[in-house]
2 protein chains.
Amino acid sequence: MPVKLDFQLDFRSGVPIYTQIAEELRRKIASGQLKPGDQLPTVRELATELRINFNTVSRAYRVLDEVRLISTQTGRGTYISEAPTEEAILQLKQKSLRELAQTYLEDAARMGFSAQEARAEVDRLCETGNHTGENA
Amino acid sequence: MPVKLDFQLDFRSGVPIYTQIAEELRRKIASGQLKPGDQLPTVRELATELRINFNTVSRAYRVLDEVRLISTQTGRGTYISEAPTEEAILQLKQKSLRELAQTYLEDAARMGFSAQEARAEVDRLCETGNHTGENA
DNA sequence: TCCCAATTTGTATCATTGTATCATTGTACG
DNA sequence: CGTACAATGATACAATGATACAAATTGGGA
């Protein structure tokens, strides 16, 4: 069940509502009132409570999602992010580029591709610039 | 008994969960880790393991069922299709190789390497013939 | 062996949740 | 005034979840 968020908006301050919401959540996360894994109210719930449009809440959530403080997932809800995802990055960093490349060639080989084919595929991707992961 | 499928979901990637599951299965089929006749976990088993709703697994299975890669039958279970056409396999493999290469470049990028550096490393390995996997 | 009820398995339908797109409002600036 | 822009709202939509259902299997008991 989502955590309870009670805070007030100041409609006259000139500070955008979505900013006020984002800042308030930031404070609660920083202070530990909100912990990793906690589920935030749905955009509609919080919007109703604050008597605003749920798109405004959605925008506030998006701001925090972009800096990885929370994680929003369509159909699932919004959650405080788990402790820094540095772990995965650390694991990656512990591997050398050589090992990474080796693993790639091995995986390709398991699928029946020759090293040359695997190499050609990397070439192709490098040239089309399709490696930047803009699908994420 | 159903085969064991162990893989991770990325809830933050923006890629729908059902797509992630379908793609992962595609890879395993392409690489031969899953063979014709193999029984996949039931929608509920896999859903429990991945901590998602079984309808999401069902949707992933449906995607693959529609292209005849697997066969789902109410009351019986889900199985890898017998003898998919060579053409289908070829397409699968091409797609999988591209994804594999893309993942490699992305991982390398996260480690701070440019696409060109990653490409060069593959070239080096190809030339020294060090890709045969003696490092395990 | 046969029957039937319980169980297991996937499916259909709808509710829930966040997102994308565009319209509306308000305000600053010329 | 009128334009331009940001903030907010309305609406339609995609992904996921909850629930009830249908089809196949299973296992006793007659």
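Every heavy atom of this structure was used, including side-chain atoms; hydrogens, water molecules and symmetry mates were not. Every value quoted in this text rests on a predicted model; they were computed, and no experiment measured them. Convention: sequence-line order gives letters A, B, ...; per-chain numbering from 1.
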Donor-acceptor contacts under 3.5 Å from residues 9-18 of chain A side chains, at least two apart:
{"unit_1": "A/Asp10", "atom_1": "OD1", "unit_2": "A/Arg12", "atom_2": "N", "d": "2.9"}
{"unit_1": "A/Asp10", "atom_1": "OD1", "unit_2": "A/Ser13", "atom_2": "N", "d": "3.3"}
{"unit_1": "A/Ser13", "atom_1": "OG", "unit_2": "A/Asp10", "atom_2": "O", "d": "3.2"}
{"unit_1": "A/Ser13", "atom_1": "OG", "unit_2": "A/Val15", "atom_2": "N", "d": "3.1"}
{"unit_1": "A/Ser13", "atom_1": "OG", "unit_2": "A/Gln20", "atom_2": "NE2", "d": "3.4"}
{"unit_1": "A/Tyr18", "atom_1": "OH", "unit_2": "A/Arg59", "atom_2": "NH2", "d": "3.2"}

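- Remark: side-chain polar atoms of A/Tyr61 are not paired, donor with acceptor, to backbone N or O of A/Ile70 under 3.5 angstrom.
- In this structure, C/dA20 forms a base pair with D/dT11, meeting either the Watson-Crick or the G-U wobble geometry with both donor-acceptor distances under 3.5 Å.
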Enumerate all atom pairs, one protein N or O and one N or O from nucleotides 9-13 of chain C, separated by less than 3.5 Å.
{"unit_1": "C/dT9", "atom_1": "O2", "unit_2": "B/Gly75", "atom_2": "N", "d": "3.0"}
{"unit_1": "C/dG10", "atom_1": "OP1", "unit_2": "B/Thr78", "atom_2": "OG1", "d": "3.0"}
{"unit_1": "C/dG10", "atom_1": "OP2", "unit_2": "B/Val43", "atom_2": "N", "d": "2.8"}
{"unit_1": "C/dG10", "atom_1": "N7", "unit_2": "B/Arg44", "atom_2": "NH1", "d": "2.8"}
{"unit_1": "C/dG10", "atom_1": "O6", "unit_2": "B/Arg44", "atom_2": "NH2", "d": "2.8"}
{"unit_1": "C/dT11", "atom_1": "OP1", "unit_2": "B/Thr72", "atom_2": "OG1", "d": "3.3"}
{"unit_1": "C/dT11", "atom_1": "OP2", "unit_2": "B/Ser58", "atom_2": "OG", "d": "3.3"}
{"unit_1": "C/dA12", "atom_1": "N6", "unit_2": "B/Asn55", "atom_2": "OD1", "d": "2.6"}

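- Under a 3.5 Å cut-off, the side chain of A/Ser81 and the backbone N or O of A/Arg68 do form a donor-acceptor pair.
- Between the side chain of B/Thr48 and the backbone N or O of B/Arg44 there is at least one donor-acceptor pair closer than 3.5 Å.
- Across the protein-nucleic acid pair, A/Leu46 atom CG and D/dG9 atom P stand 12 Å apart, rounded to whole Å.
- If you measure from atom CG of B/Leu50 to atom C1' of D/dG17, you get 15 Å, rounded to the nearest angstrom.
- As rounded to whole Å, 14 Å separates atom P of C/dT25 from atom CG of A/Asn53.
- If you check the side chains of A/Ser31 and A/Gln33, you find a donor sitting under 3.5 Å from an acceptor.
- For the pair B/Tyr18 and D/dT16, the criterion of a side-chain N or O lying under 4.0 Å from OP1 or OP2 is not met.
- In terms of phosphate contacts, B/Thr56 brings a side-chain nitrogen or oxygen within less than 4.0 Å of OP1 or OP2 of D/dG17.
- Atom CD1 in A/Ile52 sits about 12 Å away from atom P in D/dA10, given to the nearest Å.
- Applying the salt bridge (Lys or Arg N to Asp or Glu O under 4.0 Å) definition to pairs two or more places apart or across chains, those involving residues 15-43 of chain B are B/Glu23-B/Arg26, B/Glu23-B/Lys95, B/Glu24-B/Arg27, B/Glu24-B/Lys28, B/Arg27-B/Glu99.
- Atom CG in A/Leu9 sits about 13 Å away from atom C1' in D/dT8, given to the nearest Å.
- As rounded to whole Å, 13 Å separates atom C1' of D/dG17 from atom CZ of B/Arg59.
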